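From a predicted model like this one, the values you see are computed outputs, not experimental measurements.
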Amino acid sequence: MNNKIDKETEEHKIFYENFLKYTTYSTVIIIAIVALMAIFLV
């Protein structure tokens, strides 16, 4: 039983770390796009 909980916790941890990476990269890309828009469209 304890092994199952540890495995499930580890899976959630991996998912959360991947989610944070995706969110960070997405935010950086959006900021870059907005900056480029400010340079070229204004």
Can you tell me how far apart [atom1] ([X]) and [atom2] ([Y]) are? Round to the nearest 0.5 Å.
X: L36; Y: I31; atom1: CG; atom2: CD1; answer: 12.0 Å
X: I30; Y: Y25; atom1: CD1; atom2: OH; answer: 15.0 Å
X: I29; Y: T24; atom1: CD1; atom2: OG1; answer: 11.0 Å

Do E10 and D6 have side-chain heavy atoms sitting under 4.5 Å apart?
no
